[in-house]
Number of protein chains: 2
Amino acid sequence: MSEARRHLDQAEALCRERGVRLTPQRRTVLRLICEAERPLSAYEILDRMHQGARRPAPPTVYRALDFLLQQGLIHKIESLHAFVGCKHPQHPHTGQFLVCTDCGRVNEIHGRPLEDGLQQAARQAGFHTRKPVVELLGTCAHCHGRDC
Amino acid sequence: MSEARRHLDQAEALCRERGVRLTPQRRTVLRLICEAERPLSAYEILDRMHQGARRPAPPTVYRALDFLLQQGLIHKIESLHAFVGCKHPQHPHTGQFLVCTDCGRVNEIHGRPLEDGLQQAARQAGFHTRKPVVELLGTCAHCHGRDC
DNA sequence: TCATAGTTGTTACATTATAACATTTCATCC
DNA sequence: GGATGAAATGTTATAATGTAACAACTATGA
């Protein structure tokens with residue numbers, strides 16, 4: 001089964017469990033994000049939504065994105081204004097990302113020491129973190145040392 | 001001496017050392033950023049630049065911001081589309097930020113363990129980091145537990 | 001069936017950012 | 001001082017990203 005397909009099925013199941021509706025529109029947006037091999041901007045998604053038919057207006061895609069973000073099915077990469085599928089939507093979490101500026105691909109990483117370090121640094125300042133944004137921009141292993 | 005004033009003098013000295021020009025326009029943008037007690041968007045800076053005179057066009061402020069970013073005199077907070085003064089411009093560095101979504105203030109933090117954790121996580125994936133974006137959004141000690 | 005909450009459609013507009021080219025200013029050399 | 005080239009700024013237009021507000025539709029349960 002394809003990676004994208006697995007994501008969609010899992011999302012379907014999660015939404016059923018949670019009693020929220022993964023409508024066709026939302027499903028389409030999620031599918032487009034999962035099928036892409038790099039983050040898509042809202043307007044790239046819009047462009048891919050109108051297969052023959054008329055292109056929907058921006059609020060359409062932004063509303064679907066809001067829903068998917070709330071459900072933890074996708075993440076937003078702030079420094080790219082773009083969206084990627086979440087690799088582990090079962091338990092809601094924030095992501096840390098390795099963003100390759102050569103090939104455009106994004107890797108979601110996890111690491112106790114990393115997350116602990118962040119939490120500790122925040123706590124030292126009496127700060128309560130609600131939404132960490134951690135995006136390392138650079139060159140991935142694949143692209144490093146070659147033209148891309 | 002005021003905090004903002006100290007920043008400006010330091011910037012002045014650094015630019016002289018480096019042989020780059022902190023022109024009046026760039027200095028004004030830096031001053032506005034340093035005087036503000038929260039991050040300013042490019043257009044907020046534009047609004048504050050025209051004291052009586054005609055408001056400059058966007059490229060004016062974006063060019064000044066580019067210069068200041070290059071010189072490490074300011075940082076951009078990606079998740080806010082806004083700019084803050086750098087607390088330690090002597091040696092170029094990337095910043096980690098605690099962004100209070102109540103009062104809007106931003107705290108620049110530093111921590112070996114944090115930075116090491118990030119670098120280690122990246123290296124494990126064979127990733128070469130060029131520009132880390134670390135912004136923890138939440139509530140600062142001052143705002144936590146009260147209306148703000 | 002009817003009420004209602006949730007979802008989608010639609011128009012208009014706000015905000016953020018850059019491309020492209022003209023003009024001016026500055027430092028340097030002669 | 002005047003010529004020259006590089007850097008900085010001015011100007012116009014437009015691209016890219018994101019939201020407010022209200023109308024219309026749809027699924028679902030009382």
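The sequence lines fix the lettering, A, B, ..., with proteins before strands; numbering per chain opens at 1. This is a predicted model, so every value here is computed, not measured.
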*asked:* Check this for me: does any side-chain nitrogen of one of A/Arg38 and A/Glu44 sit under 4.0 Å from a carboxylate oxygen of the other?
replied: yes
*Quick one: which of D/dG18, C/dT16, D/dT11 gets closest to the side chain of B/Thr60?*
D/dT11
*Using 30° and 60° as the class limits, which term best fits the ring planes of A/His81 and B/His81: parallel, tilted or perpendicular?*
parallel
*With respect to the phosphate group of D/dA16, does any side-chain polar atom (N or O) of A/Ser41 fall under 4.0 Å of OP1 or OP2?*
no
*Phosphate OP1/OP2 of D/dT17 contacted by A/Lys76 side-chain N/O (<4.0 Å)*: no
_Measuring only between side-chain heavy atoms, which start at C-beta, is A/Tyr43 closer than 4.5 Å to A/Val61?_
no
_Applying a 4.0 Å non-hydrogen cut-off, can you work out what B/Pro59 is touching in the nucleic acid: base, sugar-phosphate, or nothing?_
base
*Would a 4.5 Å heavy-atom cut-off, applied to side chains only, mark B/Cys15 and B/Val20 as touching?*
yes
_If I take atom CE in residue B/Met49 and atom P in nucleotide D/dT11, what distance separates them, rounded to the nearest angstrom?_
13 Å
*Rounded to the nearest Å, what distance is computed from the CZ atom of residue B/Arg26 to the P atom of nucleotide D/dG10?*
11 Å
*Let me know, please, whether B/Val20 or A/Arg21 comes out on the 5' side of the other along DNA chain D by nearest nucleotide.*
B/Val20
_If you only use heavy atoms from C-beta on, which nucleotide in D/dT12, C/dT7, D/dT17 is closest to the side chain of B/Arg54?_
D/dT12
*Could you check whether A/Arg63 gets within reach of a base, just the sugar-phosphate, or nothing at all, counting any heavy atom under 4.0 Å?*
base
*Nearest nucleotide by nearest heavy atom, which residue falls closer to the 5' end of DNA chain C, A/Ala57 or B/Pro58?*
A/Ala57
*In whole Å, what is the span from the CG atom of A/Leu46 to the P atom of D/dA16?*
13 Å
*Distance, rounded to the nearest Å, where B/Leu40 contributes CG and C/dA17 contributes P*: 13 Å
_What is the separation between atom CG on A/Leu22 and atom P on D/dA27, rounded to the nearest whole Å?_
15 Å
_Side-chain N or O of B/His81 closer than 4.0 Å to phosphate OP1/OP2 of C/dT15_ = no
*Figure out the CD/P separation between A/Glu44 and D/dA16, and round it to whole Å.*
10 Å
*Please tell me which of A/Pro24 and B/Ala82 maps to the more 5' nucleotide of DNA chain C, matching each residue to the nucleotide holding its nearest heavy atom.*
A/Pro24
_Are the side chains of B/Phe97 and B/Val84 in contact, using a 4.5 Å heavy-atom criterion?_
yes
*Atom OH of A/Tyr62 to atom C1' of C/dA14: distance rounded to whole Å?*
12 Å
*Report the distance from atom CG of B/Asp66 to atom P of D/dT9, rounded to the nearest whole Å.*
12 Å
*Check whether the aromatic ring of B/Tyr43 stacks on the base of C/dT15, taking stacking as ring centres less than 5.5 Å apart and planes within 30° of each other.*
no
